[in-house]
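Convention: sequence-line order gives letters A, B, ...; per-chain numbering from 1.
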2 protein chains.
Amino acid sequence: MARILDVARAAGVSVASVSRVLQGQAGVSEETRKRVQDAIEALDYRPDLAARRLRARRADTLGLIVSDIRNPFFTEISRAVEDVAYRNGLRVMLCNADEDPEKEAFYLEMMRDEKVSGVILSPTLPLLGHFKPADYSFPIVLVDRCERDTEADAVVLDNADAALRLSEHLIAQGCRRIAFLYGASSATGRQRHDGYLAAMRAAGLMPEVEPLQPNVERARVVTSTLLARGELPDAIVARSGLILLGLLESVRAAGLAVPGQIRIAGFDDMPWTRLVTPAITVLAQPTYEIGRSAIELLLQRIANPDQAQRRVVLRGELIARGSTVAGEQA
Amino acid sequence: MARILDVARAAGVSVASVSRVLQGQAGVSEETRKRVQDAIEALDYRPDLAARRLRARRADTLGLIVSDIRNPFFTEISRAVEDVAYRNGLRVMLCNADEDPEKEAFYLEMMRDEKVSGVILSPTLPLLGHFKPADYSFPIVLVDRCERDTEADAVVLDNADAALRLSEHLIAQGCRRIAFLYGASSATGRQRHDGYLAAMRAAGLMPEVEPLQPNVERARVVTSTLLARGELPDAIVARSGLILLGLLESVRAAGLAVPGQIRIAGFDDMPWTRLVTPAITVLAQPTYEIGRSAIELLLQRIANPDQAQRRVVLRGELIARGSTVAGEQA
DNA sequence: GTGAAAGCGCTAACAT
DNA sequence: ATGTTAGCGCTTTCAC
C-alpha cells in the first residue's frame, strides 16, 4: 500500500503538502494541489485510518448498540441512524447486545477502545439503573429506554401515555378484564405497565399483569399458560411487537375467536398486523424518526459537549383495528 | 487515558515487558506478570486499538455488508455472524448497502481503509457481474448472491432447485397460469426465475414473469397492476419475503379470496406467514445457518489464504400451507 | 528474563 | 507556499 511519503515523492513535494491537500486546507498552490492529486490517483493512495486516528486521537466513528437486532423496531432505527451517518461521512459500528448485560458491557468497552465520537444505546435495565454519562469517555444518547430521572440525552416514546391510551381504548370497547404482557427487564416495559395501571385504576378495574422476557418464545409460553388458567380475560395487550407476535400465535393455537372470545392489541405497527384476520389494533411508534432524532442529538452533543441535557419524547399513534372492535371486520 | 508507558512505570518494568504480558507471551517471570497485571488494574489501562493496528497492520475486525437491513433474512444472518464473531473475540462492522451500488462501493472502500481481516458481502448485481476476490486486499465470502461461475467463496441457497420445487408444488395443485414476481436486480432473483422457468417448461406451461425492485412498495404496485390486467392467473409466487408481503397486501386490497380465486406462495418463512388466513406456503431458507457458514468459511479463509475456493449450497424447505392447497384451512 | 530503541503512517507546529 | 521533524501508543527486534 502506498504511503503518504510515496505520494509526496511522486509529486515532488513534501508530506506536509500532501497532508494539506488531503485535509482540503488552504495555503497550497493550485499547481501543487494538482500534482498531489494526480499522484494520489496514480498510486491509488488511501490514507491509513489507524495512523490518522492515532494522531488525531479520535475515530470519526459512531457506535450503535441495540438490544435486539431481530426486532424490526431496532432495525428501522438502525437504518435511520445509518442514513444520516452516511450522509455525514461518518462510519457507524452496529452492535447487537441481545438483551444481555454482559455483551452490552463488552460492546461499551469496545466503543471506548475504538475511541468512537459517540454512541447511541438502548440500555438493558441493570445498566440503566445506575447509568451516568460521566462514566463514559464519549457522549451517549439513549434510545427507547430511559427513566424519568436518568441524566442523559435520550429519545423515547411517551410510553406511559401510549399504554394509557391503548388501555383506555380497550376499556371504551367494553373490556373489563384486561391482561398486560410486559417485559419487566426493560424500563420501557415498566413505563408502559404504569400507563396500563393508571388506565385500569381510573376505570376502577383490577389489573392483571404477566411479566416476561421480551421475546417471541416466552410470549408464546406465558400466553398459553394464561389461556389455560381458567376464565379468559376480555383482552390481552402486548407491550411490544415481538411479544404481540407470540401472543397471537398462542391465541391461534388455542383456537380462540378474535375479537369474539378475546381481544388483542399491542405495540409497533408491523406490516403483518394489517394482514392477519382480524387486523390487530396497535400503538404505532415513529421508529425512523426515533433513530433520526437520536443521531441528530448525538451530533449536536459531539459538536457542543457542554450543552444542556436534552430529551426528545415522541408521541405514539393509536391505530384501532378489528382485533379490538366488535362490529368491525379487518 | 493511561498509556503503556504509565503501566510500565507503575510496575517498575519496561514497556516491552508490559507488551509481553498483554500478548500473553512466554518469557516473563511470574513475579513481573503479577506486577504488570496489578498496574493495569490500578490504572484501568486499555490498549489503544489505533496504535496497535498501526503497528500490527491489521484490525482484527470483520466487515458485514448486507443489501437490506430491514429484510429479516439479513438480520438473521447478521445475528449469526455476530454470535460467532463475539465468541471469537472479533469485532464486526455491520453496514447496510440498501441495494445501492454506490453505497456498496463506499463501504467496500471503507473496509479496505479499516484494514479489516475479511468481509462477508451480499453483492448487488452490477458488482457481482465482474466480481473478483483478487480485486480486494482482504478475503471476501459472498452470501445469498452468487453466479455459478463466480470465483469466490460463497454460501447460498440452491435457488433454482428451491424455485423449481415451489413451482412444481403449485403445478401439482392444478395451477396452470402461474405468475412469478422476482427482483431482476439480483442474481438470486434470476436463479429463482430460472428454476421457475424450468418447472413451467417441464409442465408445458406458459411462464408469466414480473421483474421488479425487491422491496415491499414495488411489489405492491406491480401486483396491483397485474391483478387489474384482465384475467387472473391461478397463482402468484414471490421470490422473497419482502415481495411476498407486498403481494399479499395487494391481493387483500383487491378483495380476492385465497386460495379460492388465487393462490399465493413465496420465499422465506417469516413468522407472519403462519398467522394470516390462510397461512402462506413458503420455501424456507436456513437463515441462521447461512450466516454461521459464511463466517466459518471466512475464518478458515483468513487462517489459510491459499485454500481452494469453497461454496456451500444449502437446501431450502418447502412448507405447504393453506394458501396453495385447496382443501386445507390454515 | 528484561530493556532500549526503531518505526508503523500520519498530522501539525515550527521553520524557511 | 512549502518543507522538516517530533511524536501519537504500540510491538518487536536486538542486545544484554
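At whole-Å resolution of the value, CZ in B/Arg55 and P in C/dC10 are 16 Å apart. Summarising the geometry, the separation between CD1 on B/Ile4 and P on C/dA4 is reported as 14 Å, rounded to the nearest angstrom. Nucleotide D/dC10 holds its C1' atom 9 Å from the CG atom of B/Leu22, rounded to whole Å. Atom pair A/Arg20:CZ and C/dA13:P shows a separation of 11 Å (rounding to whole Å applied). When rounded to the nearest whole Å, the span between OH of B/Tyr45 and C1' of D/dG9 equals 7 Å. In this structure, B/Gln23 places its CD atom 13 Å from C1' of D/dG9, rounding to the nearest Å. A straight line from CD of B/Glu114 to C1' of C/dG9 spans 15 Å, rounded to a whole angstrom. Following rounding to the nearest Å, B/Arg52 (CZ) and D/dT12 (C1') show an atom-to-atom distance of 13 Å.
A close approach under 4.0 Å does not occur between any side-chain nitrogen or oxygen of A/Thr32 and OP1 or OP2 of D/dA1. Between B/Ser19 and the phosphate of D/dT12, there is no side-chain N or O to OP1/OP2 separation shorter than 4.0 Å. Look at B/Arg57 and you'll find a side-chain N or O under 4.0 angstrom from OP1 or OP2 of C/dG9. Look at A/Ser17 and you won't find any side-chain N or O under 4.0 angstrom from OP1 or OP2 of D/dA1. OP1 or OP2 of D/dT2 has at least one side-chain nitrogen or oxygen of A/Ser29 nearer than 4.0 Å.
Salt-bridge check for A/Arg79 with B/Asp98: passed, with a basic side-chain N closer than 4.0 Å to an acidic carboxylate O. Between B/Glu82 and A/Arg70, none of the side-chain N atoms (NZ, or NE/NH1/NH2) sits under 4.0 Å from a carboxylate O, so this pair counts as no salt bridge. In summary, A/Glu31 and A/Arg35 engage in a salt bridge, as defined by a charged side-chain N under 4.0 Å from a carboxylate O.
Atom CE in B/Met111 sits 10.5 Å away from atom CZ in A/Arg91 (nearest 0.5 Å).
Checking B/Ala56 against A/Gln25, the closest nucleotide of DNA chain C that is more toward the 5' end is the one next to B/Ala56. Summary of the strand contacts: A/Ala50 and B/Arg33 both lie near DNA chain C, and taking for each the nucleotide with the nearest heavy atom, the more 5' one is attributed to B/Arg33. Two residues, A/Val15 and A/Gly27, neighbour DNA chain D, and the one matched to the more 5' nucleotide by heavy-atom proximity is A/Gly27.
Between the A/Asp48 side chain and the A/Ala50 main chain, a donor and an acceptor come within less than 3.5 Å of each other.
Counting only heavy atoms from C-beta on, A/Asp48 has its side chain closest to C/dG9 among C/dG9, C/dT11, D/dT11. Out of C/dT11, D/dT12, C/dT2, the shortest distance to the side chain of B/Ala16 is found at D/dT12. Among the nucleotides D/dG9, C/dG9, C/dT2, the one closest to the side chain of A/Arg3 is C/dG9.
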